[in-house]
Amino acid sequence: MSEAKRPNLAGSNAGMRLVAQCGLLKRGDEARLQDFMRSGYTEAALQESPATERLAALQADQARYGPLKPMQVLALEKHHALVLMQAGVGGAFLLCELRVEEDYPHRITAFSQRVMGE
């Protein structure tokens, strides 16, 4: 997919957080991604699922599906992003949803990633 056709997530605080998280994962920067999760998720979200568990789940998905590419933005608001992603391996589609706080620094309140059809 060319750069011109890629979904633009930069117009949303939630979209920018999703791009940052996916980028760190794709680069394999585990320490920075864990720091991002510890400081970028709300305390309530981290109590529900600690940064180490979140990181392990994302790494397991990446090992299974390869890097994810945004294919279509299904919903994009300032504090909410719902994006259809395509797996780099096998062509599966995953639905990623991310919500952030309204107030700066727009920490992540909820994140989910699930394979379509499972």
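Just so it is clear, the model here is predicted, and its values are computed rather than measured.
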Handout entry: H80 versus A14, closest heavy-atom pair with distance
Key = N-CB, 3.4 Å
Completion exercise
When every non-hydrogen atom of V100 is compared with those of K78, the smallest separation belongs to CG2-O, 4.3 Å
Exercise for the section: Please name all residues satisfying side-chain hydrogen bond (donor to acceptor under 3.5 Å, both in side chains) with Q62, sequence neighbours left out, ordered by chain then number. Expected result: none
Practice task
Quick one: closest heavy-atom pair of H106 and R17, and the distance?
Solution key: O-NE, 3.4 Å
Handout entry: Student check: side-chain heavy atoms of L9 and M16 closer than 4.5 Å
Key = no
Handout entry: Verdict with supporting geometry, R99 and E97, salt bridge (charged side-chain N to carboxylate O under 4.0 Å, His left out)
Key = CA-CA 7 Å; R99 293 180 185 269; E97 184 170 17; 3.4 Å; yes
Practice task
Specify the closest pair of heavy atoms between Y65 and A87, including all atoms of both residues, with the distance to one decimal.
Solution key: O-CB, 3.3 Å
Practice task
For residues R38 and T52, determine if any side-chain heavy atom of one lies less than 4.5 Å from a side-chain heavy atom of the other.
Solution key: yes
Problem - CG-CE distance between D61 and M85, expressed to the nearest 0.5 angstrom - result: 11.0 Å
Fill in the blank from the handout: When every non-hydrogen atom of N8 is compared with those of L76, the smallest separation belongs to O-CD2, 3.6 Å
Practice task
Would you indicate whether E48, at its atom CD, is surrounded by more than 12 heavy atoms from other residues, nucleotides or ligands within a distance under 6.0 Å?
Solution key: no
Completion exercise
Scanning both residues in full, the closest heavy-atom pair of A51 with L46 reads N-CD2, 3.7 Å
